[in-house]
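I have placed the structure first, in the form of structure tokens, so that the comments after it can refer back to it.
We count residues from 1, following the sequence as given.
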Amino acid sequence: MTVTLEDWATIAQAKQQRNLDAIPAEWRIKPVESVHVMDIPARCGILTPDELKITDTTAQDLVAQMRKGVLKSYDVVSAFAKRAAIAHQLVSLQSG
């Protein structure tokens with residue numbers, strides 16, 4: 001079967017949409033017009049101040065804080081999942 005350029009573009013667009021649709025609604029960002037997106041995680045309102053702090057902390061410090069019971073692994077994973085969803089949307093929106 002030969003795939004035409006139109007078929008390929010339609011397939012790619014559908015897959016990109018399925019990927020974005022898999023992101024929970026509360027983790028969706030508004031469209032971004034700027035190419036400067038480094039501050040979007042802090043400005044978009046998806047991450048709490050505690051989650052921003054977690055995602056800005058080194059792995060060594062996170063492990064130490066989890067070992068001491070200061071942080072729960074669930075909270076660390078959740079914070080990074082949200083930040084990854086934000087990054088994925090920015091990459092997808094910027095290239096789309």
Side-chain angles (χ1 to χ4, degrees):
M1 176 176 144
T2 304
V3 177
T4 67
L5 186 55
E6 269 184 40
D7 293 337
W8 178 87
T10 302
I11 292 167
Q13 185 177 21
K15 180 60 177 169
Q16 287 175 338
Q17 189 60 51
R18 278 195 306 272
N19 286 342
L20 290 174
D21 290 344
I23 296 172
E26 62 271 14
W27 294 5
R28 302 263 175 94
I29 61 173
K30 295 178 181 163
V32 176
E33 305 225 355
S34 174
V35 294
H36 304 288
V37 296
M38 293 298 291
D39 63 341
I40 296 294
R43 288 190 306 114
C44 70
I46 294 170
L47 294 165
T48 66
D50 287 341
E51 290 169 332
L52 284 166
K53 186 176 178 183
I54 288 170
T55 60
D56 286 336
T57 300
T58 66
Q60 288 177 323
D61 288 344
L62 289 173
V63 170
Q65 289 180 42
M66 286 187 287
R67 187 178 301 128
K68 293 176 186 175
V70 175
L71 290 175
K72 296 178 182 173
S73 59
Y74 176 86
D75 296 329
V76 173
V77 171
S78 179
F80 278 97
K82 286 182 178 182
R83 192 148 185 158
I86 293 165
H88 178 73
Q89 291 172 83
L90 290 171
V91 170
S92 294
L93 295 172
Q94 293 297 323
S95 64

Closest contact, heavy atoms only, [X] versus [Y]:
| X | Y | result |
| --- | --- | --- |
| I86 | C44 | CD1-SG, 3.7 Å |
| L90 | I29 | CD2-CD1, 3.5 Å |
| A79 | L47 | O-CD2, 3.7 Å |
| S73 | M66 | CA-SD, 3.6 Å |

Next item on the list: Check whether any side-chain heavy atom of T57 lies under 4.5 Å from a side-chain heavy atom of Q65, and answer yes or no.
Entry: yes
Next item on the list: Compare all side-chain heavy atoms of V63 with those of R67 and state whether any distance is below 4.5 angstrom.
Entry: yes
Next item on the list: In plain terms, say whether D61 and K53 are close enough for a salt bridge, that is, a side-chain N and a carboxylate O under 4.0 Å apart.
Entry: no
Check: Is there a path from I40 to I54 through hydrophobic residues (I, L, V, M, F, W, Y) whose side chains come within less than 4.5 Å of each other?
Finding: no
Checklist line | Verify same cluster id: V77, L62 (apolar side-chain graph, 4.5 Å) | finding: no
Could you measure the distance from the [atom1] atom of [X] to the [atom2] atom of [Y]? Nearest 0.5 Å is fine.
| X | Y | atom1 | atom2 | answer |
| --- | --- | --- | --- | --- |
| R43 | K30 | CZ | NZ | 11.0 Å |
| T48 | K82 | OG1 | NZ | 6.0 Å |
| Q16 | R18 | CD | CZ | 10.5 Å |
| I46 | R28 | CD1 | CZ | 10.0 Å |
| E51 | T55 | CD | OG1 | 8.0 Å |

Item checked: More than 12 heavy atoms of other groups within 6.0 Å of Q60 CD -> no
Margin query: Given 3.5 Å as the limit, does a donor-acceptor pair link the side chain of Q89 with the main chain of A85, or not?
Written below: yes
